[in-house]
Structures are given as structure tokens and as C-alpha cells.
Amino acid sequence: MGGRILFSCLLLGSTAFLEYNRPQPQETDPLFILYGLIGVIFFLSLGYAVALRRVRDLQAFARNQTVLDTLLVTVILHVTGGFSSLFSFLYLVVIVYTSLLLPRRGTLLIAALCGLQYGLMLDLEYFGWLDSFEGQGRPLAMASGGDQVLYKMASVMIACMVVALLSSFLAEQALNTRSELRTMTQRVRRVEKMAAIGEMAAGLAHEIKNPLASITGAIELLRDEIRPGSDRDRLMQIVLREADRLSALVGHFLLYARLPAGKPEAIDLEKAVRETVELFGRKSAADGRIATMVTAQPEIWIRMDPAHLSQVLWNLLINAAEAIEGPGEIRLELSAAKDRQVCLRVCDTGPGMPPQTLKAIFDPFFTTKPTGTGLGLSIVQRILDAYGCRIDVDSAPARGTTFSVYFRQMEGDRPAPPAPRSAVRKRPSDILVA
């Protein structure tokens with residue numbers, strides 16, 4: 001709308017300049033029509049600005065504006081010479097900013113409308129049904145041959161369609177780039193926050209773990225001197241149980257703060273996913289209420305420590321299972337992605353998450369479950385960051401949740417299948433529940 005007003009000001013200035021330097025006015029003066037057209041553009045722009053805050057469907061609002069703009073451009077072309085007008089490029093300007101406001105289909109429709117209006121105007125001038133504002137009122141299109149009229153008509157129509165295709169393609173690419181940049185910015189902020197918390201807490205966790213081990217050892221020695229089944233024995237059992245839970249929590253936090261170095265090796269990702277899902281299906285937490293489906297592209301190899309990969313897969317499956325209330329389904333989809341990446345999607349049929357929860361799920365100790373540590377997803381992201389991988393999440397209330405994990409695919413020749421690994425068939429030693 002601001003650009004339209006700016007164009008009106010430029011048109012008003014040029015019209016006033018022509019008015020000042022022109023000879024005796026003609027009987028039919030196009031400058032007066034231009035003044036009226038400028039007034040219409042100003043009033044339309046002011047009306048758009050007033051209605052903007054009350055409009056709910058912004059796309060329809062933009063579509064209506066661009067349609068009216070094509071009509072205004074056609075009138076400007078007719079007033080400034082029609083066939084000989086130099087302002088046919090204004091159609092292209094309308095098409096370009098339409099591609100920024102509407103999807104590709106809408107841009108192509110506006111381009112077709114521009115070409116249709118221009119062709120209709122030239123046809124009417126050529127057959128003498130529309131008078132011109134130049135010369136003696138005889139349209140230049142009538143003086144030119146039909147071949148020239150068809151050539152110019154086809155040139156403008158083709159230019160409109162080509163510009164519509166190119167500008168809509170570039171607009172879509174720019175939109176995708178902005179979306180990816182926004183996602184990467186959020187990920188960088190998340191990683192920076194996790195790194196700061198991890199560095200601060202690693203030393204604190206070590207300081208807690210040592211005296212906690214001393215307390216546990218002292219309590220166990222005291223229990224040997226107490227009669228089993230007594231009240232004191234039950235109290236000491238409570239102390240030992242809570243001390244073990246606290247020790248496990250500290251161990252999990254140390255794993256998050258300082259991930260131990262792994263031993264990367266070639267892994268057939270499809271096989272690893274299916275083995276982990278098979279193990280998960282036997283786990284009592286699933287309780288037979290959750291169906292698990294795997295759709296995987298074969299022969300996809302990555303380089304990663306098997307224990308770390310098992311940790312990531314297991315945590316995502318446990319997180320998905322606990323998000324489902326009652327019967328449900330977990331789908332795992334493995335496929336190759338662009339830039340030699342591999343995408344593993346873990347989709348559940350749970351209740352989904354609101355936006356405020358979605359922003360905090362990777363924060364340490366954030367959990368919506370009554371019996372969770374809030375470290376599972378934080379450790380998953382920590383492991384993936386160590387291998388240059390990333391994890392994204394898409395969720396909405398009543399729509400379920402999808403975690404997308406992007407691994408780096410191995411380059412070069414595919415390695416020979418590795419020997420069977422017991423680490424994948426056994427439950428990971430540090431299973432965390434988010």
C-alpha cells in the first residue's frame with residue numbers, strides 16, 4: 001500500500017510537469033484522466049489502510065488489491081498511448097509483488113489476468129472499438145499491421161507468465177530459507193543455553209556424587225548392625241532408595257553435561273532401528289497398547305557409536321509411548337534427505353503439545369510428566385550435536401507429535417555389514433525418560 005501511494009506521488013509529479021510544459025489543451029485531454037486516476041489510487045490506498053486492521057483473511061485482501069491494480073495499470077496504459085505506451089512494464093511490477101503476497105497459483109492467475117486485459121485492450125484498439133488519446137484520435141494499433149499487434153501482445157503475455165513463474169519460485173525459496181534460518185537460530189540458542197548450563201553444573205554434580213557415595217556406604221554399614229524388619233531398618237531402606245535415585249539423577253546430569261567420547265563405527269541405520277523397535281515392543285512399558293510401525297529405506301549407513309544411537313532411539317520411543325494415553329500408534333519413517341542427510345521421523349498419536357511447551361521441551365529438567373527427570377530429550381540433543389546431527393519437532397494440540405532426526409549419511413562406498421552387536425539387542429545401560 002505504501003508503494004502504491006509512492007507511485008501515485010511520482011505519477012502526480014510527472015503529470016503536473018507535463019501540465020506545466022504542454023501546449024494548448026486538446027479536446028480530449030488524458031492529463032485530466034490521469035489526475036482522476038491518481039485520486040482513485042490515493043483513496044483506494046487510504047481505504048485499504050483503514051480496513052487492514054479489521055480484515056481477517058489477509059490473503060483474500062491482498063488478492064483483491066492486486067486484481068484492482070491490474071485494472072488500474074490497464075487504464076494507465078490506455079491513457080498513455082495504449083499500443084505505444086511505455087508503461088506495460090507496470091504489469092510486471094504487479095506480478096512481482098503479487099508473488100510476495102500470494103502462492104504460486106495466485107501469481108499465475110494474476111499474470112494471466114494481466115495478459116488477458118492487455119490483449120483485450122489491443123484488440124479493441126485494432127478494430128477501432130476503443131479510441132486513443134494520441135494524434136487525431138486514431139489508435140496507433142490500427143495504423144500498425146496485425147502482425148505487429150500480435151507480436152506485441154504475445155511478447156507481453158509471455159513476459160507476464162515467465163516473470164510470474166520466476167518470481168513465485170524465488171519467493172518460495174526465500175520463504176523456505178527464512179523458515180530454515182529461523183529454525184537454525186532457535187537451535188543455536190538452545191545449544192548455547194544447554195552448553196552454559198552443562199559447564200556450570202558438571203563440577204557441581206561431581207561434588208554431589210562423592211559425598212553421596214560416602215553416605216550410601218555408611219548407611220549400608222549401619223544396616224548390618226540393625227535387626228532386619230525393624231522400624232530403623234525400614235527407614236534406612238528409604239534412605240538408600242532415595243540415595244540411589246539421587247545418584248542416578250546426578251549420573252544422568254553428568255551424562256548430559258559431559259557426554260563421554262564414543263567409538264564411531266559404520267551402522268546400518270535401518271537394521272538398528274528395527275532391532276531397537278523389536279526390543280521396545282517387548283518392553284512392559286508399552287503394555288501391548290501401542291502399535292509400532294517402521295517404514296525404512298534400506299542400505300542407509302551412518303557413522304556413530306552404537307550405544308549413543310541406541311540411547312537416542314530408545315529415549316525417543318519411550319518419550320512417544322508415555323505421551324500416548326490409552327491405545328495408540330508410533331510410526332518410524334526412515335528416508336534419505338537432501339545434502340546427503342538421513343531423516344528419521346518418530347510420529348506418535350498422542351495429544352500433542354501447545355506452543356509454550358514446544359519451546360521448552362529440550363530444556364534440562366523440563367518435563368510435563370509426574371515421574372520424569374526432564375533430561376531425556378536434552379541428552380538426545382546433546383548426543384546428536386556431538387555428531388553434527390540435529391533434531392526438530394513438530395506438534396500441535398490434538399494432532400500428535402513428530403520428532404525429525406537428521407543424521408549424516410556416510411560418504412563413499414558402502415561398508416560391509418558389521419558383525420552383530422550385543423549393544424543394540426540389549427537394553428541401553430543409561431535409559432532416560434524425558
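Sequence positions, counted from 1, serve as the residue numbers for this chain.
Note that CG of L120 is 4.5 Å distant from CG of L124, once rounded to the nearest 0.5 Å. Atoms CG and CD1, on L72 and I38 in that order, are 11.5 Å from each other to the nearest 0.5 Å. Here the CG-CZ distance, from L332 to F403, works out to 12.5 Å after rounding to the nearest 0.5 Å. Between atom CZ of residue F407 and atom CD1 of residue I391 there is a gap of 8.5 Å, rounded to the nearest 0.5 Å. Note that CD1 of I110 is 11.5 Å distant from OG of S99, once rounded to the nearest 0.5 Å. To the nearest 0.5 Å, atom CD of residue Q341 and atom CD1 of residue I302 are 12.0 Å apart.
Q173 pairs by the side chain to side chain donor-acceptor pair (under 3.5 Å) definition with nothing, not counting sequence neighbours. Residues passing the side chain to side chain contact (heavy atoms under 4.5 Å, CB included) test with A360, sequence neighbours excluded: D363, F366. By the salt bridge (Lys or Arg N to Asp or Glu O under 4.0 Å) test, R303 is found to be paired with no residue, residues two or more places apart in sequence or in another chain being considered. Applying the side chain to side chain contact (heavy atoms under 4.5 Å, CB included) test to S395 and every residue at least two apart in sequence or in another chain returns M353, L358, T401. Looking at residues two or more places apart in sequence or on another chain, you find a salt bridge (Lys or Arg N to Asp or Glu O under 4.0 Å) between D392 and R390. Applying the salt bridge (Lys or Arg N to Asp or Glu O under 4.0 Å) rule to E325 yields no partners; only residues at least two apart in sequence or on another chain are considered.
Under the 3.5 Å distance criterion, the side-chain polar atoms of T98 are left unmatched by any main-chain donor or acceptor of T107. Judged purely by atom type and a 3.5 angstrom limit, T185 uses its side chain to pair as donor or acceptor with the backbone of L181.
Each salt bridge (charged side-chain N to carboxylate O under 4.0 Å, His left out) pair with one or both residues in residues 396-409, not counting sequence neighbours, appears once here: D394-R399. The salt bridge (charged side-chain N to carboxylate O under 4.0 Å, His left out) pairs that include a residue from residues 100-117 are R104-E172, where partners are two or more places apart or lie in different chains. Legend: side chain to side chain donor-acceptor pair (under 3.5 Å) pairs involving residues 55-74, not counting sequence neighbours, sorted by first then second residue: R4-Q65, R4-D69, D69-Y97, T70-Q117, T74-Y91, T74-Q117. Residue pairs meeting the salt bridge (charged side-chain N to carboxylate O under 4.0 Å, His left out) criterion with at least one member in residues 153-171, sequence neighbours excluded, do not occur. Within the structure, no pair that satisfies the salt bridge (charged side-chain N to carboxylate O under 4.0 Å, His left out) test touches residues 80-94, not counting sequence neighbours.
With contacts defined as side-chain heavy-atom distances shorter than 4.5 Å, the pair L77/S88 qualifies. L269 has its side chain out of reach of W301: every pair of non-hydrogen atoms, C-beta onward, lies at least 4.5 Å apart. For the pair S45 and I41, the minimum side-chain heavy-atom distance is below 4.5 Å.
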Name every donor-acceptor pair, under 3.5 Å, that has one atom in a side chain of residues 151-170 and the other anywhere in the protein, sequence neighbours excluded.
residue	atom	partner	partner atom	Å
K152	NZ	F83	O	2.3
S155	OG	Y151	O	2.7
S167	OG	V163	O	2.6
S167	OG	A164	O	3.3
S168	OG	A164	O	2.7
S168	OG	L165	O	3.0

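Ion pairing between E265 and K263 fails under the 4.0 Å rule for side-chain N and carboxylate O. Taking a cutoff of 4.0 Å between a charged side-chain nitrogen and a carboxylate oxygen, E180 and R182 do not qualify as a salt bridge. Ion pairing of E278 with R274 is absent here, as no side-chain N (NZ or NE/NH1/NH2) approaches a carboxylate O to less than 4.0 Å.
Contact detail for E329 and I324: the closest heavy-atom pair is O-CD1, 3.7 Å.
Counting non-hydrogen atoms of neighbouring residues, nucleotides and ligands closer than 6.0 angstrom, the CE atom of M1 exceeds 12 such neighbours.
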